[in-house]
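Below is one structure; the comments refer to it alone.
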2 protein chains.
Amino acid sequence: MPPSTPAAPAPSAEKSATPETSEERFQQSPLAREVAFLTARARGRGNALANQLLADLDLKVRHFSVLAMACSGTKPSQRELGEFLDLDPSQVVALVDVLEGRGAIRREPDPRDRRSKILVATEAGRELYAQAAERTRQAEEQTLRALSPAERDQLRELLAKIVF
Amino acid sequence: MPPSTPAAPAPSAEKSATPETSEERFQQSPLAREVAFLTARARGRGNALANQLLADLDLKVRHFSVLAMACSGTKPSQRELGEFLDLDPSQVVALVDVLEGRGAIRREPDPRDRRSKILVATEAGRELYAQAAERTRQAEEQTLRALSPAERDQLRELLAKIVF
DNA sequence: TATTGTTATACTCTATAACTATA
DNA sequence: TATAGTTATAGAGTATAACAATA
């Protein structure tokens, strides 16, 4: 009988042999190793937190994304924006309507194709974006707080590789 | 006039100065560097592909996740499962109803708490899971095909760190 | 003839509240 | 009193089809 094995978890205990939380238990499941599951959970949590922080600006993540692209100087048309953000053309219409109604963005005619409309931010839109971007920055900080700066960059690079 | 500069993109061209696709253009935007955006896009694409590959089994990713946990041997209650999968209790009921109706899983009484029900897979359920897991494996392979095996492990580790 | 934005519409997913049976 | 599961219901998100203007 070895005298120097102090803190072993006593595997022979009869009743409370499973004091671990279900979260810990489930981390052993195969599902918990699937990238699809992990990204779904990451995006779910991140989205919820970001929506929460954006709430006092009366914005949701989806509106923020449209506003961000309108502020980016890349002059997206509605169609292009929909493809980039994985949004249906009809959804883009609805989101743009909201932001244009708030005076944050404008639909400008495309001189090269009069069918399409280019989205640009107004001065008020750029101000709103500045406030919103600060909040999403906080959300990202909190979401990634378990990672070192180097790991955060790694994650960004790996994700960019698979989606672009 | 240097004779040995053959394939320069001729930056002084007047008209077609933007031959790049909008996707390339938008990758320069600040939004494209936000982890929230990248994970949302990753999960959107991954989810769509997985749903597509699971379609001939009459399953969607959400059903697959429940089935996977029922097959995992971790004996989740409906409540615990909902927390792990970010699903509302009422959604769990609906998903479990479908899978139980197909004979893939069973609700078993929890001897320690007669209010809660533990989800376990039937033999048919384990067979269905085997087929479905092969398809989600294919989906992951395709989603991550731009990454080396080492990079895939890295990504898994980083994601696990932020969601667990 | 094909494409952009738009509208109307329906469908899926998600969230809320109330109920029951147990604890 | 609080919690697990259930039900009903409403809301948000998403997808589909048809149309007008333009290419």
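Throughout, a chain's letter reflects where its sequence line sits, starting with A, and its residues are numbered from 1.
How far CE of B:Met69 is from CZ of A:Arg25: 8.5 Å, rounded to the nearest 0.5 Å. Interatomic distance, CZ of A:Arg33 versus CD of B:Glu140, reported as 11.5 Å (0.5 Å rounding).
Residues B:Leu67 and B:Ile118 are members of separate hydrophobic clusters, defined by side-chain heavy-atom contacts under 4.5 angstrom among Ile, Leu, Val, Met, Phe, Trp and Tyr.
Using a 4.0 Å cut-off, some side-chain N or O of B:Arg114 falls inside it from OP1 or OP2 of C:dA23.
Residues A:Arg107 and A:Asp97 are paired through a salt bridge, judged by an N-O separation under 4.0 Å between the basic side chain and the carboxylate. With salt bridges taken as basic N to acidic carboxylate O contacts below 4.0 Å, one links A:Asp86 and B:Arg45. Between A:Glu23 and A:Arg41 a salt bridge is recorded (basic side-chain N to carboxylate O distance below 4.0 Å). With respect to the salt-bridge test (charged N to carboxylate O, under 4.0 angstrom), the residues A:Glu151 and B:Lys161 qualify.
For the residue pair B:Gln138/B:Glu134, the side-chain donor-acceptor check at 3.5 Å is satisfied.
A straight line from CZ of A:Arg115 to C1' of D:dA20 spans 12 Å, rounded to a whole angstrom. Residue B:Asp113 contributes atom CG, which lies 8 Å from atom P of D:dG5 at whole-angstrom precision. Rounded to whole Å, the distance from CG on A:Asp110 to C1' on C:dG5 is 13 Å. Rounded to whole Å, atom P of C:dG5 lies 9 Å from atom CZ of A:Arg107. What separates CG of B:Leu95 from P of D:dG5 is a distance of 14 Å, to the nearest Å. Note: NZ (B:Lys117) to C1' (D:dT6) measures 8 Å, nearest angstrom.
Note on ring orientation: taking the six-membered ring where Trp is involved, the planes of A:Phe164 and A:Phe84 are parallel (angle under 30°, cut-offs 30° and 60°).
Non-hydrogen atoms lying under 4.0 Å from DNA chain D are contributed by A:Lys60, all within residues 47-60 of chain A. For the segment residues 73-92 of chain B, the set of residues with a heavy atom within less than 4.0 Å of an atom of DNA chain C comprises B:Asp88, B:Ser90, B:Gln91, in numerical order.
Distance from the side chain of A:Arg62 is smallest to D:dG13 among C:dT6, D:dG13, C:dA2.
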